[in-house]
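Below is one structure, written out as structure tokens, with a few remarks after it.
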Amino acid sequence: MHPMLTIAVRAARRAGAIINRGSLDLDKVQIARKGPNDYVTEIDRNAEQAVIEVLRDAYPDHAFLGEESGHIPGPKDKENEVPEYQWVIDPLDGTTNFVHGFPNYAVSIALLHKGVVTQAVVYDPARNEMFTATRGGGAFLNDRRVRVGSRTRFSDALIAGRFPSVSGSNRTGAERYYGLVDDCSGFRRLGATVLELAYVAAGRFDGYCGVHLKPWDLAAGSLLILEAGGLIADFEGEQTWLKTGNVLAASPKIFTQMLISLKQ
């Protein structure tokens, strides 16, 4: 395992221990709202701080981008320039699931080198499943190599996603995704994007479609999918998904069919 990935795994396990302890007594967890259906807890903040402490101890010159902490530049970084090394962290993706006691959430850590994801960890502490990837080195689940699914027909595919709410302020344009849902074998929304992307890499889902996502939702999962033999792009098939937050990810043959469905 790459030395940087080893440190990231250690950081993810540290955060996972905090999450697991918090899950044992949810009534005592302090919860606040960041927006509609968007929660943050003391567990999110404590887990992110634990991740940063582990990574900073090993790499004091690196920058950070965390869901809760925002951008933390490295000591040698120059303003308006892409950091040489930046860790992108989601300490608890699936907070709504967590506060309801639904064990479907994960820690996500990715390392970007000059803007390119080179290391990735997605850790599910409830199931003790550790998904890892190093660019050029393959994708793994608990040290076992994983590959994207082998299904070739979209009508047989199990798809995950996050679309605009049909009842919220973003409902305009939601109909664009109806065909995608209707034409596949089944659609799931688990409430934890980083896990859904990891599941695509492991072949548990055949594809994923998401909108309005953040870099910490996508960075680690994107490398897992690529290293597992999958494809990832925006809705036009271009590589702007990390900036736009609109993403398609799937095994190659399913990806092509999903892209065609969205464009119809």
Side-chain angles (χ1 to χ4, degrees), residues 1-12 14-15 34 40 44-45 47-93 106-123 131-139 162 193-194 196-198 200-201 208 210-228 230-249:
M1 185 179 290
H2 191 285
M4 288 183 170
L5 187 61
T6 299
I7 299 298
V9 167
R10 185 186 307 166
R14 182 81 60 85
K34 292 192 290 186
V40 62
D44 294 74
R45 297 189 178 100
E48 182 166 297
Q49 189 57 42
V51 170
I52 291 174
E53 286 176 359
V54 171
L55 297 175
R56 181 176 277 159
D57 184 58
Y59 304 107
D61 292 338
H62 289 190
F64 297 88
L65 176 63
E67 180 176 12
E68 310 309 331
S69 302
H71 175 58
I72 304 174
K76 298 180 181 179
D77 290 343
K78 296 180 181 180
E79 191 174 355
N80 298 324
E81 289 188 6
V82 175
E84 182 175 8
Y85 288 100
Q86 183 181 48
W87 294 94
V88 179
I89 304 161
D90 193 334
L92 178 54
D93 186 43
V107 182
S108 179
I109 303 172
L111 176 63
L112 276 63
H113 181 223
K114 297 181 179 179
V116 177
V117 184
T118 59
Q119 309 292 336
V121 172
V122 172
Y123 180 48
F131 300 85
T132 59
T134 295
R135 183 167 291 273
R162 181 180 132 175
T193 294
V194 301
E196 291 166 334
L197 292 172
V200 173
Y208 177 87
V211 300
H212 306 147
L213 298 166
K214 301 297 184 182
W216 46 80
D217 295 320
L218 299 173
S222 70
L223 185 61
L224 288 172
I225 288 168
L226 291 171
E227 289 298 322
L231 298 175
I232 185 166
D234 62 17
F235 297 162
E236 305 303 321
E238 304 294 337
Q239 295 300 307
T240 66
W241 46 269
L242 199 57
K243 294 180 179 179
T244 65
N246 298 329
V247 63
L248 282 178

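Along the sequence shown, residues are numbered consecutively beginning with 1. Keep in mind that the numbers below use all heavy atoms, side chains included, and drop hydrogens, waters and symmetry copies.
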Exercise. Should Ile52 and Ser69 count as side-chain neighbours, where that means a heavy-atom distance under 4.5 Å?
Worked result: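 A side-chain contact exists here, since the closest heavy-atom pair is under 4.5 Å.
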
Donor-acceptor check, side chain of [X] to backbone of [Y], threshold 3.5 angstrom: yes or no?
X      : Y      : value
Glu227 : Ala133 : no
Asp93  : Val194 : yes
Arg135 : Val117 : yes
Gln119 : Ala8   : no

Say you draw a straight line from [atom1] of [X] to [atom2] of [Y]; how long is it, rounded to the nearest 0.5 Å?
X      : Y      : atom1 : atom2 : result
Leu224 : Thr132 : CG    : OG1   : 7.5 Å
Leu226 : Leu231 : CG    : CG    : 7.5 Å
Glu236 : Asn246 : CD    : CG    : 9.5 Å
Glu67  : Leu92  : CD    : CG    : 8.5 Å
Leu197 : Phe131 : CG    : CZ    : 11.0 Å

Show me the donor-acceptor pairs within less than 3.5 Å that the side chains of residues 53-63 make with the rest of the protein, sequence neighbours left out.
from  : atom 1 : to    : atom 2 : distance (Å)
His62 : ND1    : Trp87 : NE1    : 2.9

Restricting to side chain to side chain donor-acceptor pair (under 3.5 Å), what partner residues turn up for [X], sequence neighbours left out?
X      : result
Trp241 : Gln239
His113 : none
Asp234 : Thr240
Glu84  : none

Problem set entry | Derivation and outcome, side-chain contact (heavy atoms from CB on, under 4.5 Å), residues Phe235 and Thr244 | CA-CA 10 Å; Phe235 297 162; Thr244 65; over 6 Å; no

For this session: List for me each residue that meets side chain to side chain contact (heavy atoms under 4.5 Å, CB included) alongside Ala15, sequence neighbours excluded, and say none if there are none.
Result: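 Side chain to side chain contact (heavy atoms under 4.5 Å, CB included) list for Ala15, sorted by chain: Ala47, Val51, Val107.
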
For this session: Please check if any side-chain donor atom of Thr118 sits under 3.5 Å from a side-chain acceptor atom of Tyr85, or the reverse.
Result: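 No pair is found: no donor N or O on one side chain lies under 3.5 Å from an acceptor on the other.
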
Exercise. Should His71 and Gln86 be marked as a side-chain contact (heavy atoms from CB on, under 4.5 Å) after you check the CA-CA gap, both sets of side-chain angles, and the distance that decides it?
Worked result: CA-CA 9 Å; His71 175 58; Gln86 183 181 48; 3.3 Å; yes

Where do [X] and [Y] come nearest, in terms of heavy atoms and distance?
X      : Y      : value
Val122 : Ala198 : CG1-CB, 4.2 Å
Ala228 : Ala201 : CB-O, 3.3 Å
Gly115 : Val82  : N-CG1, 3.6 Å
Ile109 : Ala12  : CD1-N, 3.7 Å

Exercise. Between Lys214 and Asp217, does a side-chain contact (heavy atoms from CB on, under 4.5 Å) hold up when you go through it step by step?
Worked result: CA-CA 5 Å; Lys214 301 297 184 182; Asp217 295 320; 3.6 Å; yes

Exercise. Does the pair Ile89 and Trp216 meet the rule for a side-chain contact (heavy atoms from CB on, under 4.5 Å), with working shown?
Worked result: CA-CA 6 Å; Ile89 304 161; Trp216 46 80; over 6 Å; no

